[in-house]
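Below, each value reflects all heavy atoms present in this structure, side chains not excepted, and no hydrogens, waters or symmetry copies. Start at 1 and go down the list; that is how both ligands and their atoms are numbered.
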Amino acid sequence: MKQAMVASSRSGSYCALLFIDLDNFKTLNDTQGHEIGDLLLKLVAQRLTQCVREGDTVARLGGDEFLVVLAGLGASKEDAAKDIETITDKIPAALNQSYQFGNAPFHCTASIGVTLFKGDLASIDDLMKQADIAMYKAKEAGRNSVRFYDPTLEAAVQERVALEADLRLAIAENQFLVYYQAQVDAGDHCMGAEALIRWQHPQRGMVSPADFIPLAEETGLILPLGHWVLRTVCGQLAAWATRPELAHLAVAVNISAHQFHQADFVDQVLAVLKNTGANPLRLKLELTESLLVANVEDVIFKMRMLKSVGVGFSLDDFGTGYSSLAYLSRLPLDQLKIDRSFVMNIETDDSAVVICAATISLAHNLKLMVVAEGVETEAQRYFLTAVHHCDLIQGYLTSRPLPVAAFEAFVQTL
Ligand code: C2E
Ligand code: CA
Ligand code: CA
């Protein structure tokens with residue numbers, strides 16, 4: 001605990017103390033004898049050790065009480081809560097698996113109390129008490145559960161657990177929609193759209209992707225979700241191809257790093273194109289700079305494969321991440337997107353003006369198109385398109401993201 005406290009004061013990251021009490025140890029001890037009881041304790045210790053990372057600590061306090069110290073969690077309470085959620089899912093799952101003693105399988109659950117700490121603001125004694133109190137709350141809640149000393153943390157973790165369960169259900173029940181947000185050129189012709197996912201939750205109403213995409217990424221649910229968006233958009237492209245007034249539209253699909261890094265990503269896209277009959281020239285994939293952190297060679301390889309059939313690439317949120325100009329010239333991109341955070345400040349902040357102008361000129365020198373997103377005012381549009389020749393603009397000034405029928409109607413009014 002002392003070591004964890006020192007490390008945490010230095011790094012600013014949270015640590016957690018878990019108090020774990022087995023729920024029916026006494027029954028086993030009384031009915032099967034102490035030798036079997038000892039064996040269970042050893043197996044529990046093994047399973048706990050397998051659940052934690054290197055650098056975490058598992059200890060037996062006495063009797064059937066174990067302590068776990070988790071170090072190096074997030075620096076904010078919210079991030080720490082996310083980190084803990086994974087482990088507090090894992091521990092009960094590991095402990096609840098049956099134990100084989102002689103002929104009959106034995107089942108054992110645990111009640112877990114959690115408290116968070118940072119540095120040495122609270123004494124070890126106090127932390128032990130907090131974790132113990134939380135553990136008693138878990139017992140009161142009917143055993144086999146996890147409780148937190150801090151009620152706000154508890155609420156945050158429960159909210160995430162509920163949202164994750166909802167998200168799984170939503171995928172099974174297909175509660176999602178794709179909205180399309182127009183991208184127009186200097187002459188106000190709609191050249192295409194960005195596809196933006198929407199979750200129509202039966203109780204919560206429309207949930208913003210900003211609230212569920214991060215969770216989908218952490219849980220891996222982004223894979224089925226991202227694939228669904230791709231299929232839906234390609235189906236739409238194939239439908240528009242038969243309508244002369246809509247056949248020219250190109251649609252950009254956001255691809256998360258996790259999705260792109262799958263070994264068979266290229267094959268997935270090719271299969272969707274083939275199955276839907278969409279024209280690859282009308283499909284753009286929006287990638288973010290975060291994708292370039294790992295294995296740039298592999299990224300370039302995949303991009304080339306897809307480009308060879310006609311799929312285009314756009315670099316999203318340009319300038320907000322670790323933009324490396326060296327990569328920029330090596331990647332087979334077609335487009336840069338100027339991030340909304342720059343566009344938004346064009347009228348008020350000189351550096352935003354410089355960044356927008358420089359990005360447009362950089363892109364044009366690299367023979368890339370430029371899309372500015374989040375354009376909300378005439379002044380921004382004038383600066384971007386009339387003064388600096390930005391190719392396309394996207395934003396509330398032209399249109400909000402719209403359901404497909406409304407988007408089709410909008411295109412035809414231009
Ligand atoms: P993004 O890719 O940067 O998308 C642009 C966001 O800016 C969208 O928010 C859009 O509605 C919003 N926006 C567009 N014009 C304006 C404007 O003029 N003013 C303001 N204030 N906002 C504007 P949205 O739809 O909530 O999406 C948020 C983020 O969720 C997206 O950011 C993207 O990172 C992610 N996302 C959305 N759909 C998908 C998807 O299908 N797959 C993946 N992986 N991520 C998605
Ligand atoms: Ca985007
Ligand atoms: Ca963006």
Side-chain angles (χ1 to χ4, degrees), residues 167 170-171 174-184 190 192-200 205-236 250-262 265 268-269 272 283-291 312-321 323 333-347 356 359 370-381 384 390 392-404 406-407 410:
L167 195 54
I171 291 175
N174 200 1
Q175 295 169 359
F176 299 96
L177 291 171
V178 174
Y179 274 31
Y180 294 85
Q181 187 177 31
Q183 298 178 331
V184 301
C190 183
E194 175 174 7
L196 294 159
I197 193 169
R198 294 291 178 265
W199 177 7
Q200 232 175 349
M206 203 65 96
V207 186
S208 155
D211 293 333
F212 68 88
I213 293 287
L215 181 64
E217 284 181 348
E218 282 158 33
T219 51
L221 292 171
I222 192 68
L223 299 179
L225 214 51
H227 196 260
W228 177 83
V229 173
L230 194 64
R231 256 191 349 254
T232 307
V233 167
C234 287
Q236 194 60 61
V251 176
V253 176
N254 291 287
I255 302 293
S256 91
H258 195 24
Q259 217 183 335
F260 191 87
H261 286 311
Q262 284 179 285
F265 179 73
Q268 285 182 31
V269 177
V272 169
L283 178 66
K284 281 204 174 52
L285 303 182
E286 279 193 12
L287 310 180
T288 56
E289 293 166 6
S290 65
L291 196 111
F313 285 94
S314 183
L315 190 60
D316 203 358
D317 306 340
F318 181 70
T320 60
S323 323
L333 289 166
D334 302 271
Q335 232 179 39
L336 284 191
K337 285 191 91 168
I338 305 181
D339 191 62
R340 189 164 71 84
S341 57
F342 302 118
V343 172
M344 173 164 100
N345 293 323
I346 284 177
E347 287 153 89
C356 289
T359 305
V370 196
V371 185
E373 76 181 351
V375 179
E376 294 186 358
T377 67
E378 272 304 339
Q380 291 164 355
R381 190 227 302 256
L384 290 160
C390 181
L392 295 172
I393 61 165
Q394 173 187 344
Y396 294 172
L397 178 66
T398 315
S399 167
R400 298 213 164 223
L402 298 172
V404 65
F407 172 72
F410 171 79

Exercise. Do any N or O atoms from the side chain of Asn254 and from the backbone of Glu286 form a donor-acceptor pair under 3.5 angstrom?
Worked result: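 Checked: no pair found.
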Exercise. Between the side chain of Thr232 and the main-chain N/O of Trp228, is any donor-acceptor distance below 3.5 Å?
Worked result: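 Here the side-chain-to-backbone pair exists.
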Taking the side chain as everything from C-beta on, heavy atoms only, tell me whether [X] gets closer than 4.5 Å to [Y].
{"X": "Gln181", "Y": "Tyr396", "result": "yes"}
{"X": "Lys337", "Y": "Gln183", "result": "yes"}
{"X": "Phe265", "Y": "Ile255", "result": "yes"}
{"X": "Leu402", "Y": "Tyr180", "result": "no"}

Exercise. Taking only residues two or more places apart in sequence, or in another chain, which ones meet Glu217 in a side chain to side chain donor-acceptor pair (under 3.5 Å)?
Worked result: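 None.
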Exercise. With sequence neighbours left out, what residues match Arg340 under side chain to side chain donor-acceptor pair (under 3.5 Å)?
Worked result: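 Residues passing side chain to side chain donor-acceptor pair (under 3.5 Å) with Arg340: none at all.
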For this session: Non-hydrogen atoms closer than 4.0 Å to ligand 1: which protein residues do they belong to? List them by chain and number, please.
Result: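 Only Gln181, Glu194, Leu196, Ile197, Arg198, Ser208, Pro209, Ile213, Ile222, Val229, Asn254, Ser256, Asp316, Asp317, Arg340, Glu373, Gly374, Val375, Glu376, Gly395, Tyr396, Pro401 have heavy atoms that fall under 4.0 Å of ligand 1, ordered by chain and number.
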For this session: Just say parallel, tilted or perpendicular for the rings of Phe212 and Phe176, cut-offs at 30° and 60°.
Result: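 Aromatic pair Phe212/Phe176 classed tilted.
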Problem set entry | Polar protein atoms (N, O or S) that approach the Ca ion (ligand 2) to under 3.0 Å |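 Counting only protein N, O or S atoms under 3.0 Å from the Ca ion (ligand 2), the list reads Glu194 OE2, Asn254 OD1, Glu286 OE1, Asp316 OD2.
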